Amino acid sequence: LNSADGETEFICLHHLGWTDPNVRKVSTSLVGDLSFISLADAQLLCDGEKYNPDDFYVYGGFCSWRPGQLELEMGDGREEWRAISVDNHSILLQIQKQMNDAKIVMKSSDRDVGADADVSQGLLDSGSTMWRNFLSMIDVLEGKATERLPAGQLDFYDRMLEVWSEDNLLFHGGAEDTKVISDIDSSDLIGPGTLLRAKLPVSHDMLMYEQEFIRSLILVLEESEDATVGIMLNHPLQGAVECVEGKRPLPLRYGGPIDISSWKDGTFLDSDEEEDMLVDGGDDEMYEGFMDYQNGIEADLMMNDDIDFDDYDDDDDDDDSMFLWIHRDVALGSLGPENGGGSRLGTSDVWLIKENDALKSLQSGFLSLQDTMVFSGVCIWEKKQDLGVCGGGMREQVDALQSFEIVQKCNEDACDPDVDCDNDNHDGFDLSDHEAIEKAWDILGNYQNILEKETLEGNIKAAIDAWESCNVGVSKSKNVDLSDAALRAWVGVNLLMDPLGTFVEVTSRNRTAKQ
């Protein structure tokens, strides 16, 4: 909906003809006497006595395609669009029917308080009816138009469309922002070594636009005045690192969308790129301040190629690797960073280790593959005084948006486990417990493999099992099956890179397990 300047662009359709020069000079012809005009020009025409608002059909936003994109989507193997040839009268008739249906829906909502879901569904149904009517004009039944999609996958798309309609087809009149400064402060629990998991139910923002965070486990690496930096633990990529000759390669994991070098050298804070990198959605954006841009990993590393590090330079003290390494070996970690043991993340039993040190320990047998993970990319939540309610960072997600919950805190002394705590986000976990990340690590290490079509199902199941092992209390939720399906779709599109070959169906995990 937003144009380049961040404002929604409105256009109006009309069929006023071309006899009036005042209309002709501000209109662009589409088909027959159907034309479009800017909202501002339509308002100027309505200032006179000849035209009124009922002469125009107003649309907010527009669709656009990159050069060649629409042809690709219509081509063999995709066939996502049908080209139909209709006259302007047929188009206008369907627009008028849709408008009449919408008016009936809106009138009914005036009588029913809290009927937003019914209204959005009614408006969506009026648009779907228009789609079916156009298909009938070319003698195509709905079943024929959707036959390339399995019934279960079509149901997933329909349910996601319903979620979209609730967020986008209703207008609440610009109600004042009711957010207040949160009186809960989890800052003392968030730092290197903090383990968090995404909460259920997920918000519509997460379900529609940030599906990678559904059921995610986040390990915090750095907490500064500028940002919270972490890695997502539970998503393998298609690549792997061959660390020890003759042993299975180590799956390369998706840590987040930010290039590791950009985090290490601080360029993610460059003011020239800030506006492009931020997810712009206002105060209601689920990930206010979350930075989201393509990391710099080479394409061949994402396509199930093993990276061989047999010839690493063990005399090179500079860690300029494009990957990030962590381990959980207490004996190695006790050596400290100066002796190749890595830097401990808070009071956790996890260490951030240089690539050369990790490879040296792996190849000497001091460190096992089971106790090692390697990542591409990190997640960054920027902090600014005017970001959200709490100024951004991970605290914004925990205390204000309540999209994440703390599983394992960064500092054993941050809260006394023998004293009642007023912070709701501290409840449900043992503050001195290091077992949470151990349980999750074991599941991910034992049951996740290099991402392939054949391993997708097992990897998703292990990701969810690891999330559930961090039982911060009961998380029962409606739409949990839909959000799990959305997560699978995201992995299929963005990590497996097989959007057309990834089957997505909304179904319970029990049913999936039986199959």
Side-chain angles (χ1 to χ4, degrees), residues 177 179-199 202-203 205-206 209-210 212-214 216-233 255-260 262-271 273-293 295 324 345-348 350 352 375 377-411 414-415 421 423-426 429 437 472:
D177 189 356
K179 285 187 178 179
V180 296
I181 299 300
S182 175
D183 57 358
I184 300 173
D185 191 348
S186 294
S187 299
D188 56 346
L189 303 182
I190 301 172
T194 298
L195 179 66
L196 304 102
R197 75 171 188 174
K199 294 180 73 172
V202 302
S203 71
D205 278 330
M206 184 187 288
Y209 309 114
E210 300 288 348
E212 67 266 40
F213 287 107
I214 297 170
S216 65
L217 292 173
I218 301 293
L219 179 64
V220 176
L221 304 176
E222 179 180 271
E223 178 75 5
S224 69
E225 63 181 11
D226 296 317
T228 303
V229 181
I231 47 175
M232 196 178 305
L233 297 178
I258 308 299
D259 182 64
I260 289 172
S262 299
W263 163 50
K264 289 181 177 179
D265 62 22
T267 55
F268 72 90
L269 290 172
D270 288 351
S271 58
E273 297 179 344
E274 249 176 51
E275 291 186 4
D276 294 333
M277 292 190 292
L278 290 179
V279 177
D280 183 13
D283 288 341
D284 291 331
E285 176 65 43
M286 170 54 68
Y287 291 98
E288 181 73 31
F290 178 69
M291 300 182 121
D292 185 14
Y293 62 93
N295 67 55
L324 183 146
L345 296 176
T347 57
S348 73
V350 178
L352 184 63
F375 297 84
V378 295
C379 297
I380 296 181
W381 288 267
E382 190 191 19
K383 294 180 182 179
K384 276 187 177 181
Q385 188 173 2
D386 58 350
L387 276 178
V389 172
C390 303
M394 184 52 78
R395 186 198 163 200
E396 186 78 27
Q397 317 309 316
V398 174
D399 292 339
L401 299 172
Q402 298 187 7
S403 56
F404 282 88
E405 54 196 346
I406 296 172
V407 175
Q408 178 177 300
K409 64 187 180 60
C410 64
N411 183 355
C415 240
C421 181
N423 192 333
D424 292 338
N425 287 305
H426 301 186
F429 61 94
I437 194 167
V472 191

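Every value quoted in this text rests on a predicted model; they were computed, and no experiment measured them. Just the heavy atoms: all of them, side chains too, but no hydrogens, waters or symmetry mates, feed the values below.
Taking the six-membered ring where the residue is Trp, Phe404 and Phe213 present perpendicular rings, their angle passing 60° and hence far from 30°.
Of all heavy-atom pairs between Ser262 and Ile258, the closest is CB-CG2, 4.4 Å. Across Ala227 and Ile380, no two heavy atoms sit closer than the pair CB-CG2, 3.8 Å. The shortest heavy-atom contact between Gly255 and Cys379 is O-SG, 3.3 Å. Taking all atoms of both residues into account, the shortest heavy-atom contact from Ile437 to Leu219 is CD1-CD1, 3.9 Å. Summarising the geometry of Gly193 relative to Gln408, their closest heavy-atom pair is O-NE2, 3.8 Å, with the distance given to 0.1 Å. Of all non-hydrogen atoms in Asp185 and Arg395, the two that sit nearest each other are OD1-NE, 3.4 Å.
With sequence neighbours excluded, the residues satisfying side chain to side chain contact (heavy atoms under 4.5 Å, CB included) with Asp265 are Thr267. In this structure, Ser216 has no side chain to side chain donor-acceptor pair (under 3.5 Å) partners at least two apart in sequence or on a different chain.
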Stepwise side-chain contact (heavy atoms from CB on, under 4.5 Å) test for Ile218 and Trp381: CA-CA 12 Å; Ile218 301 293; Trp381 288 267; 4.2 Å; yes
Could you walk me through whether Leu324 and Leu352 pass the side-chain contact (heavy atoms from CB on, under 4.5 Å) test, one step at a time? CA-CA 8 Å; Leu324 183 146; Leu352 184 63; 3.5 Å; yes
Go through the steps to decide whether Met394 and Leu196 satisfy the test side-chain contact (heavy atoms from CB on, under 4.5 Å), and finish with yes or no. CA-CA 9 Å; Met394 184 52 78; Leu196 304 102; 3.8 Å; yes
Applying side-chain contact (heavy atoms from CB on, under 4.5 Å) to Thr194 and Thr228, what does each step give before you reach the verdict? CA-CA 11 Å; Thr194 298; Thr228 303; over 6 Å; no
ring-ring contact (aromatic ring centres under 6.0 Å, His included), that's the test. Do Phe375 and Trp263 meet it? Break it down for me. CA-CA 13 Å; Phe375 297 84; Trp263 163 50; over 10 Å; no
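Side chain of Glu405 to main chain of Arg197: no donor-acceptor pair is present (N/O by atom type, distance under 3.5 Å, no hydrogens or angles). Put simply, the side chain of Glu396 gets close to the backbone of Val389: a donor and an acceptor are under 3.5 Å apart. Using a distance-only test at 3.5 Å, with no hydrogens or angles considered, no donor-acceptor pair links the side chain of Ser186 to the main chain of Leu189. In this structure a side-chain-to-backbone donor-acceptor pair under 3.5 Å is missing from Lys384 to Gly392.
The CD1 atom of Ile184 sits 6.0 Å away from atom CD of Gln402, with the distance rounded to the nearest 0.5 Å. Within the model, atoms CG of Leu401 and CG of Asp205 stand 9.0 Å from one another, a figure rounded to the nearest 0.5 Å.
Using a 4.5 Å heavy-atom threshold, the side chains of Leu233 and Leu195 count as touching.
A salt bridge does not link Lys264 with Glu222: every distance from a Lys NZ or Arg NE/NH1/NH2 to an Asp or Glu carboxylate oxygen is 4.0 Å or more.
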